[in-house]
Amino acid sequence: SVSFTVMPQTVTIQDGSTPTVNIQTDGEWFVSMVTESWLTATPMSGKGNSSLTLKANGENNTKTARSAQVVITERKTQQTCVVNVTQQPPTPVLQAATNAVEIASTGTETTVSVIANMTWMASADQSWCTVTPSTGSGNSSLIISAQPNGSDKIRTAKVTISALDGSAPAVTITVTQSATLFNITPQSITLNQTNGNTATVALTTTAEWSVTSISESWLSVTPASGNGNATLTLKAGAISGRSQRTATVTLKEKYSAKTY
């Protein structure tokens, strides 16, 4: 008699795995049937103890498992063994390359890679923060943009990426946007003959700025605009009489106003 056993007789294919079936025999064997076209078995025949490799032709793009059978026959005795094969749908994958990004106060954009094997959607919970695209499929790049922050306070938003079919947990990215720094030191000065009717103030800022108004024509300020830190020179024209006079200079940061 010819010995003939096949183990295991139930196998599962998951995420591209290629399981093997062990054939133990002292005779010849061949694969007499594969019931589904999406499944291949190699080799299709052999002699003696052998390994049979099972492979799915592509992913199972349904939401449920699919099944097939492989029938192996011993040539001399025509004895058969059936291997039941199940291919599971792909394991849902939804990830972001990072869970936190920082954006400058001036407003800019950053790109985050999305790793996914499904259709997904993205949204932000703050109006000053936007995402592009709002939907995607598979691996993609997500652009996170922020409007300029004219406030002197840091602000945060949350970007949520979720599977359209709910097959994977949502992913959250925390967006932190820095505050706009805008300080003037000192905010009150006195011009007199001792200092040549000229003085300087230090402007510390992370933004573009400009001098928007000078309340009196006898006072000049240079420079009148800039981007970032600067030293402003204030110069008073000649004074007639002995009365003290005052003036106010207004500086405007690109997204807010500060006065001194």
Apart from Val71 itself, its cluster of hydrophobic side chains linked below 4.5 Å comprises Met33, Val82

Run through the side-chain heavy atoms of Ile, Leu, Val, Met, Phe, Trp and Tyr, join any pair under 4.5 Å, and report what else lands in Val34's cluster.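 Phe4, Val6, Val11, Ile13, Val21, Ile23, Trp29, Val31, Trp38, Leu39, Met44, Leu52, Leu54, Val70, Ile72, Val83, Val85, all in the cluster of Val34.
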
Please list, chain by chain and in numerical order, all residues satisfying side-chain contact (heavy atoms from CB on, under 4.5 Å) with [X], sequence neighbours excluded.
X: Asn60; value: Thr62, Arg66, Gln87, Pro89
X: Thr91; value: Gln14, Asp15
X: Lys158; value: Asp125, Thr172
X: Thr119; value: Ser137, Leu164

Only counting residues at least two apart or in another chain, list the ones meeting salt bridge (Lys or Arg N to Asp or Glu O under 4.0 Å) with Glu208. Lys254

Sorted by chain and residue number, the salt bridge (Lys or Arg N to Asp or Glu O under 4.0 Å) partners of Glu28 (sequence neighbours excluded) come out as Arg75

Heavy-atom neighbours of Gln78 CD exceed 12 at 6.0 Å: yes

Could you check if a side-chain atom of [X] sits within less than 4.5 angstrom of a side-chain atom of [Y], using non-hydrogen atoms only?
X: Leu251; Y: Val221; answer: no
X: Thr204; Y: Leu181; answer: yes
X: Cys129; Y: Val159; answer: yes
X: Thr174; Y: Val101; answer: no
X: Gln88; Y: Thr12; answer: yes
X: Ile161; Y: Val114; answer: yes

Atom pair OG/CG of Ser105 and Asp152 - distance to nearest 0.5 Å: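 Rounded to the nearest 0.5 Å, the OG-CG separation comes to 11.0 Å.
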
Residues in side chain to side chain donor-acceptor pair (under 3.5 Å) with Trp120, at least two apart? none

Partners meeting side chain to side chain donor-acceptor pair (under 3.5 Å) with Asn84 (sequence neighbours left out):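 So Asn84 forms a side chain to side chain donor-acceptor pair (under 3.5 Å) with Gln69.
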
Residues 98-114 vs salt bridge (charged side-chain N to carboxylate O under 4.0 Å, His left out), sequence neighbours excluded, gives none

For residues 224-235, dump all side-chain donor-acceptor pairs below 3.5 Å to protein atoms at least two apart in sequence or in another chain.
residue : atom : partner : partner atom : Å
Asn229  : OD1  : Thr205  : N            : 2.9

Could you tell me whether a side-chain N or O of Thr25 sits under 3.5 Å from a main-chain N or O of Ser3, the two making a donor and an acceptor?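 Side chain of Thr25 to backbone of Ser3: a pair is present.
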
Are the side chain of Ser50 and the backbone N or O of Gly48 linked by a donor-acceptor pair below 3.5 Å? yes

